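The model shown is predicted, which means the values in this text are computed figures rather than measured ones. Quick note: residue numbers are just sequence positions, from 1.
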Amino acid sequence: MKKRTKGWHSIGLLLLCAALAACSGQRQNGNESGNAGETPAAPGVAQKTSDGKTVVTMSVMTKDRFLTQAERLFEAAHPDIDVQIVETVPADTSGGDQMIVKKEWKAGSETNAEDIEKYANSVNTAIMSGQASDIISAEYLPIDKYAEKGLLADWNELAEQDADFAKSDYYENVLSAVTDDTGWYGIPTSFALEVMLGDEAFLTQNGLDQQTWTWDQFVDLLNKTKADGKYGISRMSPEMLLAFLVETTYDQLVKRDGSSASFDAAAFQAYMEKIKKLYDDGLATADMMGAQNTAFSSESLDSPMNALLVPTMSGQKNMLQPPGTGDGGGIPFKSNQVLGLNAKSHVKNEAWSFVKFLLSEEMQADQAMMNFPVNKAALSAKLTETRQLLEGSASGKDGPKITLRNESGEVKPTITDEDIQKVLDFIPSVGKYGNRDPKVLGMIAEETAAFFSGSKTAEAVSGALANRIDTYLNE
């Protein structure tokens, strides 16, 4: 999808502490596992290092600080296991021993398409040749298709046999949303929210419920904002708004019937035409407008800190579930790390041990976790930590602190227990994975550009999409 650039208007977030300046971290040079060599595995046998450790391999696009930290701590606690993380797009280590993530993921932004293609091609080649890693980072891969072809194993088979793992300790609505009900093939270790900011009372006054309102109702509601001299929504181009809509209506647009799937061209055509009319009628604009001039805005909240601060600092205090299809399917989310298990892995138990460690409160609450943790206790801890950092009470007078500034100078928002509870109460409604099949989303972005530029009709675009997507989904 197109890149979505969101700001806090003129507010800048400054992290005034080296501990939090940190999308950087320590990284060892050379062989990260510290082992000089490996013993090739015989067919059907787990791979071993030269000193007898069981090797667990993991494929990622870019290894970040969270994974580096987890690998070090896990291996210290499990000296008989050697985790080997292979990255396709290496992190920038030009700063010496400081790791600078080359393409840091942020909710609402688009990672370099060439990097994504490079990673996807690498994983596909490895899987087809039987040489894929044990754990596969699958956020840029069509997980449903991989699962249907038997390329991924069901994590449930391991989790349900593990007495030390309880799904109730986690946001199960997030954990289970990546794939359908046939199994648990993708585990998000973190997530980010795609929300609507606006006045919930305005919805209530018009007989709408944020959990069930539809895009048709949203368009009708925006017509009522014109009388107040406001834009219905701002800071979004038509392409961006359509991309947001697709995230919330994916299961309506891409319909599955057993092993076959089809794209609903008629429904998509209607959505395209409705969105274009919003801009033609002056109800929506791509321009930056203040909260006083806009009824709603779309926002990507990529961290607990942003969930506490952005609604207040933007002037639109309510986080709302975006409109959808009326089925109450949940708030959309994305993840920069969704883990699949290679069906042919010979070390499934060891792979599960590492993934379970990534989900543990210890790792989820670590400062290296920059997004929303899926662990409930860790999220609560991070929200409390944010308040302490704003107050300067995290580690005493000389401890880490966050300072916010705008053009008028320093801003000191007050975070209350009620503010923290609002976020905690909001998260159980998260549950609609917004990146179900990156290739389908890419096709939609490519084809719809012609409609919004005026070079193709909505009917022609929706028809072309149906042909492309149906062919791809059923191949």
Side-chain angles (χ1 to χ4, degrees), residues 56-64 66-67 70 85-86 88 105 107 111 116 119-120 122-124 126-127 132-160 162 165 167 169-194 247 250-251 254 256 261 329-345 348 351-360 363-364 369 371-375 430-442 473:
V56 175
T57 55
M58 180 178 184
S59 290
V60 300
M61 187 162 77
T62 300
K63 183 178 178 181
D64 60 12
F66 176 73
L67 284 178
I85 301 175
V86 181
T88 302
W105 177 86
T111 303
I116 293 175
Y119 176 69
S122 173
V123 173
N124 284 330
I127 283 183
S133 295
D134 301 299
I135 304 169
I136 300 169
S137 193
E139 61 274 6
Y140 299 117
L141 304 173
I143 296 179
D144 286 339
K145 287 178 72 70
Y146 277 37
E148 287 171 4
K149 295 179 182 297
L151 301 175
L152 297 178
D154 188 345
W155 287 111
N156 278 319
E157 296 177 7
L158 297 162
E160 291 173 359
D162 190 340
F165 180 77
K167 280 189 178 179
D169 292 339
Y170 304 88
Y171 290 105
E172 295 182 62
N173 47 309
V174 175
L175 290 184
S176 63
V178 172
T179 51
D180 58 30
D181 296 334
T182 60
W184 192 24
Y185 296 101
I187 299 179
T189 60
S190 63
F191 65 99
L193 303 179
E194 301 287 315
E247 291 176 15
Y250 187 88
D251 287 332
V254 179
R256 293 189 172 274
I331 297 161
F333 73 94
K334 292 182 179 177
S335 176
N336 74 325
Q337 192 173 87
V338 175
L339 303 181
L341 176 61
N342 183 354
K344 294 184 178 180
S345 170
K348 290 185 174 70
W352 166 247
S353 292
F354 182 58
V355 171
K356 184 174 70 169
F357 183 69
L358 295 178
L359 300 177
S360 68
M363 280 311 305
Q364 294 270 302
M369 169 60 74
N371 305 125
F372 284 88
V374 295
N375 183 292
V430 177
K432 187 174 287 186
Y433 184 48
N435 203 33
R436 288 283 294 277
D437 192 319
K439 193 160 186 177
V440 169
L441 300 181
L473 292 175

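- With rounding to the nearest 0.5 Å, the separation of CZ in Phe165 from OG in Ser353 is 12.0 Å.
- In this structure, CD1 in Ile116 is found 5.0 Å from OH in Tyr140, a value given to the nearest 0.5 Å.
- For the residue pair Glu139 / Ser335, no side-chain donor-acceptor distance below 3.5 Å is found, with atom types taken as modelled.
- Closest non-hydrogen pair, Val430 versus Leu193, comes out as CG2-CD2, 3.3 Å.
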Inset, instruction - Show your working on side-chain contact (heavy atoms from CB on, under 4.5 Å) between Val355 and Trp155 and close with a plain yes or no. - result: CA-CA 10 Å; Val355 171; Trp155 287 111; 3.6 Å; yes

Legend entry - side-chain contact (heavy atoms from CB on, under 4.5 Å) evaluation trace for Val338 with Tyr433: CA-CA 11 Å; Val338 175; Tyr433 184 48; 3.7 Å; yes

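- The backbone N or O of Tyr170 sits nowhere less than 3.5 Å from a side-chain atom of Asn375 that would complete a donor-acceptor pair.
- Between the side chain of Tyr119 and the backbone N or O of Ser59, at least one donor-acceptor pair lies under 3.5 Å.
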Legend entry - Stepwise side-chain contact (heavy atoms from CB on, under 4.5 Å) test for Leu175 and Val374: CA-CA 7 Å; Leu175 290 184; Val374 295; 4.1 Å; yes

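- Using modelled atom types, one side-chain atom of Gln364 and one backbone atom of Leu358 make a donor-acceptor pair closer than 3.5 Å.
- A donor-acceptor pair is defined here as one N or O able to donate and one able to accept, closer than 3.5 Å; no such pair exists between the side chain of Thr88 and the backbone of Met61.
- A salt bridge between Lys432 and Asp251 is absent, with no side-chain N of the basic residue lying under 4.0 Å from a carboxylate O of the acidic one.
- Note that the OG1 atom of Thr57 and the CG atom of Asp134 stand 3.5 Å from one another [nearest 0.5 Å].
- Nearest heavy atoms, Ala343 versus Lys348: O-NZ, 2.8 Å.
- One finds the OG atom of Ser345 at 8.0 Å from the CD1 atom of Ile135 (value rounded to the nearest 0.5 Å).
- Across Gly186 and Ile143, no two heavy atoms sit closer than the pair CA-CD1, 4.5 Å.
- Heavy atoms of other residues, nucleotides or ligands lying less than 6.0 angstrom from NZ of Lys145 number more than 12.
- At a threshold of 4.5 Å between non-hydrogen side-chain atoms, the residues Lys334 and Glu247 count as touching.
- Side-chain contact of Lys167 with Asn156: a donor-acceptor pair under 3.5 Å is present, judged by distance alone.
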Inset, instruction - Determine, step by step, whether Phe372 and Val174 satisfy the side-chain contact (heavy atoms from CB on, under 4.5 Å) criterion, reporting the C-alpha distance in whole Å, the side-chain angles of both residues, the deciding distance to 0.1 Å, and the verdict. - result: CA-CA 11 Å; Phe372 284 88; Val174 175; over 6 Å; no

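- Considering only heavy atoms from C-beta on, Tyr146 comes within 4.5 Å of Ile127 through its side chain.
- Salt bridge Arg436/Asp144: present, at least one basic N to carboxylate O contact under 4.0 Å.
- With sequence neighbours left out, the side chain to side chain donor-acceptor pair (under 3.5 Å) criterion links Asn173 to no other residue.
- With 3.5 Å as the limit, one finds a donor-acceptor pair spanning the side chains of Asn336 and Ser190.
- Between atom CG of residue Leu152 and atom CD1 of residue Ile136 there is a gap of 6.0 Å, rounded to the nearest 0.5 Å.
- Side-chain contact between Asp437 and Leu473 is present, with heavy atoms from C-beta onward closer than 4.5 Å.
- Sparse packing is recorded around NZ of Lys439, with 12 or fewer heavy atoms of other residues, nucleotides or ligands lying under 6.0 Å away.
- Shown here are the ring pair (Phe, Tyr, Trp, His ring centres under 6.0 Å) partners of Phe357, two or more places apart in sequence or in another chain: Phe74.
- Across Asp154 and Gly183, no two heavy atoms sit closer than the pair OD2-CA, 3.5 Å.
- The nearest pair of heavy atoms linking Asp162 to Trp352 is OD2-NE1, 2.8 Å.
- Remark: Asn371 CG to Phe66 CZ distance equals 10.0 Å, nearest 0.5 Å.
- Across all non-hydrogen atoms, the minimal contact from Gln337 to Thr189 is OE1-OG1, 2.7 Å.
- Ring geometry for Phe333 versus Phe191: interplanar angle over 60°, hence perpendicular rather than tilted (30 to 60°).
- A heavy-atom distance below 4.5 Å is found between the side chains of Leu158 and Leu341.
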